[in-house]
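Working notes for the structure below.
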Amino acid sequence: MNQFYEAFWSGPMYDEWLAENVAEDMEAQEAFYAKYEDQFFTEYSVSYPDEDIAEAWVYFLFSTAEEVEMYDGVLKEKLLFYISISSSFDRL
């Protein structure tokens, strides 16, 4: 979870998320999602970093290789993150 957070949340975006009180304010969630829509699979993902981790995991689990290729930018990076993590399980 921390690796995902570090890769996709730490820094200015998280600082903005905190400052805008996105976790507690539905209007702030909608605005935050609208601003960063290309970085989240669902609007619910912006409610907490943990929810983004979970939503991206669901998209990873249910996406075919062809579907992964249809994404770009941060969304594809999130799926590739889980692909890289899952490939390390094969080595255990």
Side-chain angles (χ1 to χ4, degrees):
M1 288 178 68
N2 190 52
Q3 290 175 340
F4 187 98
Y5 168 82
E6 289 296 324
F8 302 108
W9 276 86
S10 69
M13 188 174 76
Y14 183 69
D15 295 340
E16 178 183 344
W17 182 84
L18 285 174
E20 297 296 325
N21 196 28
V22 174
E24 304 297 326
D25 184 339
M26 290 299 292
E27 288 181 18
Q29 283 181 19
E30 292 171 5
F32 195 82
Y33 178 72
K35 183 174 182 180
Y36 295 106
E37 186 174 0
D38 63 335
Q39 297 184 41
F40 295 98
F41 288 101
T42 65
E43 187 173 323
Y44 182 67
S45 298
V46 304
S47 61
Y48 287 95
D50 296 355
E51 299 304 343
D52 184 33
I53 293 167
E55 292 287 286
W57 174 251
V58 168
Y59 273 76
F60 162 72
L61 289 176
F62 293 104
S63 293
T64 64
E66 293 82 24
E67 289 170 330
V68 170
E69 290 305 315
M70 293 180 355
Y71 290 101
D72 60 358
V74 174
L75 295 178
K76 187 171 185 176
E77 289 175 29
K78 287 179 179 182
L79 295 175
L80 294 175
F81 171 85
Y82 281 121
I83 290 170
S84 71
I85 296 288
S86 67
S87 68
S88 68
F89 294 144
D90 295 338
R91 292 182 252 151
L92 297 177

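Note that CH2 of Trp57 and CZ of Phe81 are 10.0 Å apart. Values are rounded to the nearest 0.5 Å. For the atom pair CD (Glu16) and NZ (Lys35), the distance works out to 3.5 Å, reported to the nearest 0.5 Å. Rounding to the nearest 0.5 Å gives a distance of 10.0 Å between CD of Glu51 and CD of Gln29. Rounding to the nearest 0.5 Å gives a distance of 9.0 Å between CG of Asp25 and CD of Glu20. Rounded to the nearest 0.5 Å, atoms CG (Asn21) and CD (Glu27) are 12.0 Å apart.
Nearest heavy atoms, Gln3 versus Ile85: OE1-CD1, 3.4 Å. Heavy atoms only, all atoms of each residue included: Leu79 and Ala56 are closest at CD2-O, 4.0 Å. Taking every heavy atom of both residues into account, Ser45 and Phe40 meet most closely at CB-CD2, 3.7 Å. The minimum heavy-atom distance between Met1 and Ile53, with the atom names listed, is O-CD1, 3.7 Å.
In the hydrophobic clustering of this structure, Tyr48 groups with Val74; members are Ile, Leu, Val, Met, Phe, Trp, Tyr whose side-chain heavy atoms approach within less than 4.5 Å, directly or through other members. Hydrophobic clustering (ILVMFWY, side-chain heavy atoms < 4.5 Å, transitive): Tyr82 and Leu80 are in one cluster. Under the 4.5 Å side-chain heavy-atom criterion for grouping Ile, Leu, Val, Met, Phe, Trp and Tyr, Val22 is connected to Tyr5 within one hydrophobic cluster. Note on Ile83: it clusters hydrophobically with Phe62, by side-chain heavy-atom contacts below 4.5 Å among ILVMFWY residues.
Between Tyr71 and Phe41, a ring centre-to-centre spacing shorter than 6.0 Å is recorded.
Ser63 contributes no side-chain N or O that, together with a main-chain N or O of Phe60, makes up a donor-acceptor pair within less than 3.5 Å. No donor-acceptor pair closer than 3.5 Å links the side chain of Glu55 to the backbone N or O of Asp52. Side chain of Trp9 to backbone of Phe4: no donor-acceptor contact under 3.5 angstrom is found.
Lys78 forms no cation-pi arrangement with Tyr59, by the criterion of a distance under 6.0 Å to the ring centre and an angle within 45° of the ring axis.
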- Task: Would you check, one step at a time, whether the test side chain to side chain contact (heavy atoms under 4.5 Å, CB included) holds for Lys76 with Met70?
- Result: CA-CA 8 Å; Lys76 187 171 185 176; Met70 293 180 355; over 6 Å; no
- Mind running side chain to side chain contact (heavy atoms under 4.5 Å, CB included) on Tyr14 and Phe8 for me, showing each step along the way? CA-CA 9 Å; Tyr14 183 69; Phe8 302 108; over 6 Å; no
